[in-house]
Amino acid sequence: MGLLPSTRALAAAGLASAVSCGFVPDRPTFSSEVSADTRAALAEADVSASDVAAARIGGALELYFGSPSAPGYHLTDAWIEDERDPGDAWWELSDEAADAVRDGNERRFAAQIRAVRAAIEAGAAALPDLPRPLRGGEAQARFEAAFAPLVAGEVELGGLHPDSPTAADASEDDPSFTWGDEALRFWESYYPTLEESAELFRTRCLFCHGPLGAGDGPTGRTLDPRPRDLRDGIFKWTEVDANRRPTRDGLVRLLQRGVRGTAMPAFRRLSRGELEGLVDWIRYLAVRGETEQLSTYFACEEGDVRPASVERAYGTVWGRWDEAEDHWLAVPAGPSPAEVTAEVVARGAELFRGSLANCASCHGTNGEGDGEAIWEEGEEGERRRRLDRWGQPSHPRNLTAGVFRGGGRPVDLYRRIKSGIGGTIMPAADASLTDDDIWALVHFVLSLSRTGGEPGR
Ligand code: HEC
Ligand code: HEC
């Protein structure tokens with residue numbers, strides 16, 4: 001027990017693997033039933049009545065995250081005070097992201113927006129019949145519920161909306177608005193609910209990532225690399241410091257780009273609103289999974305499930321996600337193409353093979369992915385590849401192929417080398433490497449595929 005790192009240290013490392021009870025925290029399930037690993041960990045640890053403990057963790061998860069058919073978040077006192085509801089993440093978006101969502105809505109709901117605008121401009125009293133939106137049955141249903149009196153013709157398009165300040169109280173900052181204004185705003189600022197995003201996930205992602213995001217969908221089971229298990233909050237292709245949670249914008253860019261060289265597709269046709277909603281759902285699966293892991297860890301440590309500890313787990317996990325933006329890795333300006341001289345590349349080659357950066361130990365002297373450091377002795381004394389966090393054998397990239405999963409631009413490679421690759425054996429760069437050193441490594445790596453595998457010189 002004395003060897004246990006403190007909760008804070010665990011949180012900082014983004015890990016919560018419990019040493020005390022042999023708990024490998026990577027398999028929670030999405031229901032009030034806890035995962036088999038959670039059960040096993042509780043049974044093995046010194047937790048009294050472990051089946052009761054498991055049921056209590058399951059009950060707590062339902063309290064904090066709702067059920068599969070009605071997902072949502074338990075609101076903390078601080079959130080209620082700040083009027084924050086992470087289940088309605090529209091309010092978290094940067095101005096730029098919010099504008100991108102509105103632009104996307106202009107296209108996705110073009111027919112609805114056009115029809116309402118035209119009716120307002122023509123001074124019509126009634127709402128015209130709106131066409132059903134593309135990929136938006138839920139949006140239609142939400143509209144009909146929120147605007148029932150308008151749809152039924154009981155109120156006029158130009159009549160004052162009930163939420164509006166009355167004409168006498170309206171000011172320039174807060175003008176009075178009509179049913180028509182509100183109807184227009186509904187479509188222009190449409191943002192999916194958590195349920196809608198879960199549904200989109202079920203149709204677009206489930207066959208690979210599995211219903212609960214465990215990476216075990218029917219197609220996913222046969223893939224290499226396996227689809228990410230989204231329940232533990234660890235991602236590979238982020239824009240943040242090592243092992244930090246990804247930023248919203250980083251995840252949106254990932255979904256737009258896909259992961260080259262793997263089965264993970266690019267989702268260019270989805271609107272920005274739909275992509276932001278998927279990010280909400282990815283975060284939901286992760287926060288829920290991480291909360292189960294950390295609660296189980298606390299229960300193992302404390303010998304019992306304490307409500308205060310589950311609450312602490314919930315807060316700690318949210319803290320990791322909320323501070324993501326603070327750990328965004330700004331990339332310093334690198335050399336211009338003209339400044340990438342043979343000397344820069346040669347310096348990169350030297351670092352790559354040297355003992356400080358030590359890239360060759362895994363990637364091999366010529367970057368072909370055949371270094372010695374990836375091997376270890378298995379349980380039977382056999383030689384086997386080191387495993388990643390998800391139990392998959394490690395394959396350092398063959399850098400001469402020029403296929404970069406996290407993006408092939410110099411800034412992407414800078415991030416990969418500086419921060420390492422989350423969940424894999426590839427470490428963050430040694431802190432004594434300077435920005436120039438990292439840029440030299442980037443350009444050496446790029447030179448490997450340009451020269452068709454010739455060691456870059
Ligand atoms: C055809 C299979 C497939 C589909 C469909 C798919 N993915 Fe993936 N996804 C993968 C694979 C494979 C990886 C792992 C890539 C790797 O390890 O480099 C992955 C990785 C990811 C990651 C982790 C990226 C990182 O930085 O670690 C996220 C997030 C993700 N997918 C989200 C989604 C979402 C959301 C959808 C649906 C809109 C989706 N995926 C659809 C196969 C798929
Ligand atoms: C301990 C082993 C190890 C070391 C040391 C290591 N790598 Fe890696 N590297 C890997 C593995 C494993 C992957 C593949 C990760 C994956 O896709 O899951 C990888 C992937 C990469 C990629 C591909 C990124 C992409 O977007 O596809 C680059 C570039 C890279 N490494 C460069 C480096 C450089 C430069 C160094 C030295 C500073 C280095 N690596 C050190 C193991 C290592």
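The model shown is predicted, which means the values in this text are computed figures rather than measured ones. Order of listing sets the numbers, starting from 1, for every ligand and every atom in it. Atoms considered below: every heavy atom in the structure, side chains included; atoms not considered: hydrogens, waters and symmetry mates.
Residue contact check for ligand 1: Thr219 places no non-hydrogen atom closer than 4.0 Å to it. Ligand 2 is never approached by Ala373 to a heavy-atom distance shorter than 4.0 Å. Ligand 1 lies less than 4.0 angstrom from a heavy atom belonging to Phe207.
Its N, O or S atom nearest to atom 8 (Fe) of ligand 1 is what matters here, and for His209 that atom is NE2.
Close approach to Leu278 involves these atoms of ligand 1, each under 4.0 Å from a residue heavy atom: 38 (C). Against a heavy-atom cut-off of under 4.0 Å, Ile417 is close to the following atoms of ligand 2: 35 (C), 38 (C). Taking a cut-off of under 4.0 Å to the non-hydrogen atoms of Leu413, the atoms of ligand 2 that pass are 29 (C). The distance from ligand 2 to the heavy atoms of Asn358 drops below 4.0 Å at these ligand atoms: 5 (C). Listed by number with element, the atoms of ligand 1 under 4.0 Å from a non-hydrogen atom of Leu255 are 32 (C), 33 (C), 34 (C), 35 (C). Every atom of ligand 1 is numbered from 1 in the order shown, and the set under 4.0 Å from a heavy atom of Val259 is 18 (O). For ligand 1, the atoms lying closer than 4.0 Å to a non-hydrogen atom of Arg204 are 5 (C), 37 (C), 38 (C), 41 (C). Within ligand 1, counting atoms from 1 as listed, the ones closer than 4.0 Å to a heavy atom of Leu230 are 28 (C), 29 (C). Under a 4.0 Å criterion applied to the non-hydrogen atoms of Lys236, ligand 2 contributes the atoms 16 (C), 18 (O).
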Apply side chain to side chain contact (heavy atoms under 4.5 Å, CB included) to the pair Arg416 and Phe404, showing each step before the final yes or no. CA-CA 10 Å; Arg416 281 317 67 82; Phe404 299 111; over 6 Å; no
Start with the C-alpha gap between Ser94 and Asp249, add the side-chain angles, then the distance that decides, and say whether side chain to side chain contact (heavy atoms under 4.5 Å, CB included) holds. CA-CA 9 Å; Ser94 64; Asp249 290 355; 4.3 Å; yes
Step by step, work out the side chain to side chain contact (heavy atoms under 4.5 Å, CB included) result for Arg272 and Val252. CA-CA 8 Å; Arg272 180 64 181 257; Val252 167; 3.6 Å; yes
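Close N/O approach between Trp237 and ligand 1 is found [any backbone or side-chain N/O within under 3.5 Å]. In terms of polar-atom proximity, defined here as any N/O pair under 3.5 Å, Thr262 makes no such contact with ligand 1. For ligand 2, the polar-atom distance check against Ser361 finds no nitrogen or oxygen pair separated by under 3.5 Å. Residue contacts with ligand 2: Arg397 is placed with a nitrogen or oxygen under 3.5 Å of a nitrogen or oxygen of the ligand (distance criterion only).
Ser419 places a side-chain N or O within donor-acceptor distance of the main-chain N or O of Val240, the cut-off being under 3.5 Å. Between the side chain of Ser189 and the backbone N or O of Phe186, no donor-acceptor pair lies under 3.5 Å. Panel note: side chain Arg228, backbone Phe235; no donor-acceptor pair is recorded below 3.5 Å. Side chain of Thr291 to backbone of Val287: a donor-acceptor contact under 3.5 angstrom is found. Of the possible polar contacts, none joining the Asp388 side chain to the Thr424 backbone as a donor-acceptor pair under 3.5 Å is found. Side-chain atoms of Arg226 do not come within 3.5 Å of backbone N or O of His209 as any donor-acceptor pair. In this structure, the side chain of Ser197 engages the main chain of Thr193 through a donor-acceptor pair within 3.5 Å.
Looking at Arg385, Arg260, His363, it is His363 that brings a heavy atom closest to atom 8 (Fe) of ligand 2. The closest heavy-atom contact to atom 28 (C) of ligand 2, among the options Ile425, Leu399, Leu433, Ile421, comes from Leu399. Of the options Met264, Arg226, Arg228, the smallest heavy-atom separation from atom 16 (C) of ligand 1 is shown by Arg228. In the candidate list Leu254, Leu270, Leu206, Asp229, Leu254 is nearest to atom 29 (C) of ligand 1, counting heavy atoms. Distances from atom 43 (C) of ligand 2 to the heavy atoms of Gly261, Cys362, Pro225 show the closest one on Cys362. Of the candidates Arg416, His395, Met426, Arg415, the one placing a heavy atom closest to atom 32 (C) of ligand 2 is Met426.
Of the protein's non-hydrogen atoms, the one nearest atom 13 (C) of ligand 2 is Pro396 CA, 3.7 Å. Among all protein heavy atoms, the one lying closest to atom 11 (C) of ligand 1 is Pro227 CA, 3.4 Å. For atom 34 (C) of ligand 1, the nearest non-hydrogen atom of the protein is Cys205 SG, 3.4 Å. Ranking protein heavy atoms by distance to atom 27 (O) of ligand 2, first place goes to Arg405 N, 2.8 Å. Gly406 N, 2.8 Å is the protein heavy atom nearest to atom 26 (O) of ligand 2. Nearest protein heavy-atom contact of atom 3 (C) of ligand 1 is Cys208 SG, 2.7 Å.
Under 4.0 Å from ligand 1, not a single heavy atom of Pro246 appears. Residue-level proximity to ligand 2 for Pro427 is carried by the side chain, the only part with a heavy atom below 4.0 angstrom.
Just one residue in the list Arg386, Arg384, Arg383 forms a side-chain hydrogen bond (donor to acceptor under 3.5 Å, both in side chains) with Glu376, and that residue is Arg384. Glu239 pairs in a side-chain hydrogen bond (donor to acceptor under 3.5 Å, both in side chains) with only one of the listed residues (Arg244, Arg253, Arg415), which is Arg253.
No more than 12 heavy-atom neighbours from other residues, nucleotides or ligands sit within 6.0 angstrom of CD on Glu311.
In this model, a donor atom of one side chain and an acceptor atom of the other lie less than 3.5 Å apart for Asp437 and Thr434. Tyr191 and Asp280 share a donor-acceptor pair across their side chains, judged by distance under 3.5 Å alone.
For an aromatic pair to be called close, the ring centres must be under 6.0 Å apart, and Tyr190 with Phe109 satisfies this. When ring centroids are compared, Tyr314 and Tyr73 stay outside the 6.0 Å threshold.
Between Thr262 and Pro225 the shortest heavy-atom distance is CG2-CG, 3.8 Å.
Cys359 lies apart from atom 8 (Fe) of ligand 2 in this respect, since none of its N, O or S atoms is found at a distance under 2.8 Å.
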